[in-house]
There are 2 protein chains.
Amino acid sequence: MTPKYDPEKCRQWIEGNIDIDFFRAICDPVRSELLIFLASSGELTIGEIAENFSQNRSVISRHLDYMNRFGAVKRRKVGREVFYQVDKQTIVTKFGTASENMKALLGQ
Amino acid sequence: MTPKYDPEKCRQWIEGNIDIDFFRAICDPVRSELLIFLASSGELTIGEIAENFSQNRSVISRHLDYMNRFGAVKRRKVGREVFYQVDKQTIVTKFGTASENMKALLGQ
DNA sequence: TCAATTAGTGCATTAGTGTGCATATATGCT
DNA sequence: AGCATATATGCACACTAATGCACTAATTGA
């Protein structure tokens, strides 16, 4: 006896309770390293960041842009340089609400 | 002036503070749906679960096995059937500690 | 033992993502 | 304007992951 439950409703629940895109942006080997690196380094330009990673600068640029789109980092352009820093507020909030919602859903 | 910070240390921090593999297992479109589906349906066999998804049963089987390896669901074999249910404890704990550690790291 | 049922596995195909190079764009400086 | 510097983008390639099909393994029941 299968409890007829709609996967569509699951998608909706997820959409409303966990920012999957944000977590996907975080849970990548390179991007998570970038995030922790920025968390401990403060605000840096793409060039400075890329110096500390093995990947090509263009690759780092793309990863940072990706994380910026989902709120994990903040971007600031000054002249021809682009600075990045972690978006503390957003990160803490996203983790916090996801955690709370999961707890509420699972009732523990 | 680049603050000489070692990406290796970042990897270590992540490894010790966030279970990236667990989150990667969760943050997949199909697997997150499976998880929420199970959360609201209780314990079901692979066949019953697969009936509610468009993917082939073998695909569902593999996704469940994947999540089981990282603690998101619990597996129980009875005869020729295999039952799955969410691992509430692990999920709540993983989200909770990740959230706490992030907050501690970012100091907010 | 044999057929039926349930789940797991091997394999080929497809889709998605990461990567680096070359080039384009934007900005600053002389 | 002309050149140097910093970043972004187009493109091709490599690698990983998801998927479905066919087949195998395990278990049940007649």
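Below, chains carry the letters A, B, ... as their sequence lines are ordered, and counting in each starts from 1. Just so it is clear, the model here is predicted, and its values are computed rather than measured.
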Using the side-chain heavy atoms of [X], tell me which of these nucleotides is nearest: [options].
X	options	answer
A:His63	D:dT19, C:dG18, C:dT27	C:dG18
B:Thr45	C:dA7, D:dG10, D:dC21	C:dA7
A:Ser58	C:dA22, D:dA6, C:dT9	C:dA22
B:Val30	C:dC21, D:dT19, C:dG18	D:dT19
B:Arg80	C:dG18, D:dA17, C:dA4	C:dA4
B:Val82	D:dG20, C:dA7, D:dA8	C:dA7
A:Lys77	C:dT27, C:dT9, C:dG18	C:dT27
B:Ser61	C:dA26, D:dC21, C:dG8	C:dG8
A:Gln55	D:dA18, C:dG18, C:dG20	C:dG20

Checklist entry - Within the structure shown, what part of the strands sits under 4.0 Å from B:Asp65 by heavy-atom distance: base, sugar-phosphate, or nothing? => result nothing
Next on the checklist: Under 4.0 Å, counting only non-hydrogen atoms across every strand here, what does A:Val59 touch: a base, just sugar-phosphate, or nothing?
Outcome noted: base
Item to check | Phosphate contact (D:dT5 OP1 or OP2) by A:Arg57 side-chain N/O below 4.0 Å | outcome: no
Checklist entry - Looking only at side-chain N and O atoms, does A:Arg75 come under 4.0 Å of OP1 or OP2 in D:dA8? => result yes
Item to check | A:Arg11, CZ: over 12 other non-hydrogen atoms inside 6.0 angstrom | outcome: yes
Next on the checklist: Other residues, nucleotides and ligands only: do more than 12 of their heavy atoms fall within 6.0 Å of CD on B:Glu43?
Outcome noted: yes
Item to check | Nearest-angstrom distance from the residue atom CZ of B:Phe83 to P of C:dA7 | outcome: 8 Å
Item to check | Residues B:Asp65 and B:Arg69 bridged, charged N to O under 4.0 Å | outcome: yes
Item to check | Ring centres under 6.0 angstrom apart (A:Phe95, B:Phe95) | outcome: no
